[in-house]
There are 2 protein chains.
Amino acid sequence: MGTREQIVEAANRLFYQQGYERTSFASIAETVGISRGNFYYHFKTKDEILEAVLEARLQDTRAMLARWTEGAATPLKRVFRFVEIVVANRADIEHYGCPVGTMTSELAKLDHPSRAQAVDIFRVFRDWLREQFTELGHAANADDLALQVLAFSQGVATLSNAFGERGYVKREVERLKTRLMSLDT
Amino acid sequence: MGTREQIVEAANRLFYQQGYERTSFASIAETVGISRGNFYYHFKTKDEILEAVLEARLQDTRAMLARWTEGAATPLKRVFRFVEIVVANRADIEHYGCPVGTMTSELAKLDHPSRAQAVDIFRVFRDWLREQFTELGHAANADDLALQVLAFSQGVATLSNAFGERGYVKREVERLKTRLMSLDT
DNA sequence: GTCTATAGCTGGATAGAC
DNA sequence: GTCTATCCAGCTATAGAC
């Protein structure tokens, strides 16, 4: 893997675990195992790394959703697949929250130029969920349902991160799935 | 108002609007209108200011909930009062997110010693909501319901902050209130 | 492409005069 | 209680050798 990709990967993880503001060039360089000087050959400013990280996350998200679209047979199963992210990643979420939600929140407070790019990741999920609900026969309020599922995952992620209680995420996910099943006609 | 109180008030606002990590002593001192040197007469470290801010928020929260307990006639109306916070504060939330959620998330990433204190604010809301649902006759799952309402407000706050769409918060709040009304026997 | 060295700035924190 | 002056560490960013 090229140095540039290694930098993006390390920055991606550190931004998630420590936050963008907190993460320094030095710590990224140290993680990758290169000097700070070399760093600037690949990225001129910290904002450039952020852009690359957000771009990578966007691509990863699109790829993941494409796999889910192909892999799950019914739209309801696809929505379930989304909802179960918080279960699969619950260990990380307990420590660092949702990568998408915490990043958009931080960039909003910093009034950062890349804020819109971070929100785009939310938008990709929202569009994909809307499609699933449309296929499910709820075209009229598909976007509303998409936002509800997104809000659910954000709420659960925030509280799981705050309280760190065993079983909480799974319990809430099961309840939402039960509610969602009543949408299947 | 004493200088110390002014510092806490300014820090409280800046921590909310910019985040803890981003906010510098200089900016707090400038907001209050004192020198950096004077600052250290009142607080020895940045962590001490954070503790004072969190303590103030905790007191404010308790006081607000006590007013609501007295002011609203029924437990359902009290829960509504809570849910409507996101409507009343929607302008701030669009800009900076929920003060409680974003603070706990940031302190979690920073692995900050005061993280538990920030979570206590969530806990005060949770306990108060649980009491309301208990009074409402749902003692068996009062804590679950409290967490659901909390998660709702966090999810809506995060998405409102991300998308900034007019009408979104009000619409979601109305929907939750409708759902909650079915709990009233 | 990668390194060392270093500039220039801002952060938190201290000392001491008033 | 409030100020000015100052220290030192850490940060982003640059220059130039290899």
Open item on the list: Just to be sure I understand the geometry, which residues of residues 22-38 of chain A put a non-hydrogen atom under 4.0 Å away from DNA chain C?
Closed with: A:I34, A:S35, A:G37, A:N38
Task: Beyond-backbone contact of B:I34 with B:I7, side-chain heavy atoms, under 4.5 angstrom - done: yes
- [ ] Using a strict cut-off of less than 4.0 Å between a Lys/Arg side-chain nitrogen and an Asp/Glu carboxylate oxygen, indicate whether A:R123 and A:D120 qualify as a salt bridge.
- [x] yes
Open item on the list: I'd like to know if B:R81 and B:E84 make a salt bridge, using a cut-off of under 4.0 Å between side-chain N and carboxylate O.
Closed with: no
Task: Residue pair B:E131 / B:T134, side-chain heavy-atom distance below 4.5 Å - done: no
TODO: Output the residues of residues 8-18 of chain A in contact with DNA chain D, where contact means a heavy atom of the residue under 4.0 Å from an atom of the strand; sort by number or write none.
DONE: none
TODO: Check whether NZ of the Lys or CZ of the Arg B:K44 lies under 6.0 Å from the centre of the six-membered ring of B:F39 and within 45 degrees of that ring's axis.
DONE: no
TODO: May I ask you to decide whether B:E165 forms a salt bridge with A:R126, counting only side-chain N to carboxylate O separations under 4.0 Å?
DONE: yes
Open item on the list: Parallel, tilted or perpendicular, judged at 30° and 60°: which one describes the rings of A:F25 and A:Y40?
Closed with: tilted
Task: B:Y16 and B:D92: CA distance, side-chain angles, deciding distance, side-chain contact (heavy atoms from CB on, under 4.5 Å) verdict - done: CA-CA 10 Å; B:Y16 175 43; B:D92 279 343; 3.6 Å; yes
Task: B:V173 and B:F152, any side-chain heavy atoms less than 4.5 Å apart - done: yes
TODO: Check the pair A:R78, A:E135 against salt bridge (Lys or Arg N to Asp or Glu O under 4.0 Å), reporting the backbone distance first and the verdict last.
DONE: CA-CA 11 Å; A:R78 290 184 204 127; A:E135 268 195 57; 3.5 Å; yes
TODO: Anything under 4.0 Å to a heavy atom of chain B counts; send over the first and last such nucleotide of DNA chain D, read 5' to 3'.
DONE: D:dG1 to D:dT4
Open item on the list: Using the rule that Ile, Leu, Val, Met, Phe, Trp and Tyr join whenever any side-chain heavy atoms are under 4.5 Å apart, tell me whether A:L129 and A:M181 fall into a single cluster.
Closed with: yes
TODO: Report the C-alpha distance between A:K177 and A:E174 in whole Å, list the side-chain angles of each, state the deciding distance to 0.1 Å, and finish with yes or no for salt bridge (Lys or Arg N to Asp or Glu O under 4.0 Å).
DONE: CA-CA 5 Å; A:K177 282 164 75 174; A:E174 286 312 311; 3.8 Å; yes
Task: N-O pairing of A:D60 and A:R57 below 4.0 Å - done: no
Open item on the list: Using a strict heavy-atom distance below 4.0 Å, which residues from residues 49-57 of chain B are in contact with DNA chain C?
Closed with: none
- [ ] For residues 100-109 of chain B, pull every pair meeting side-chain hydrogen bond (donor to acceptor under 3.5 Å, both in side chains), keeping only residues two or more places apart or in separate chains.
- [x] A:T102-B:K109, A:K109-B:T102
- [ ] Report the C-alpha separation of A:R171 and B:D144 in whole Å, then their side-chain angles, then the decisive distance to 0.1 Å, and conclude whether the salt bridge (Lys or Arg N to Asp or Glu O under 4.0 Å) test is met.
- [x] CA-CA 10 Å; A:R171 193 200 329 145; B:D144 263 23; 2.6 Å; yes
- [ ] Taking only heavy atoms on the protein side, list every residue of residues 39-46 of chain A lying under 4.0 Å from any atom of DNA chain C, sorted numerically.
- [x] A:Y41, A:H42
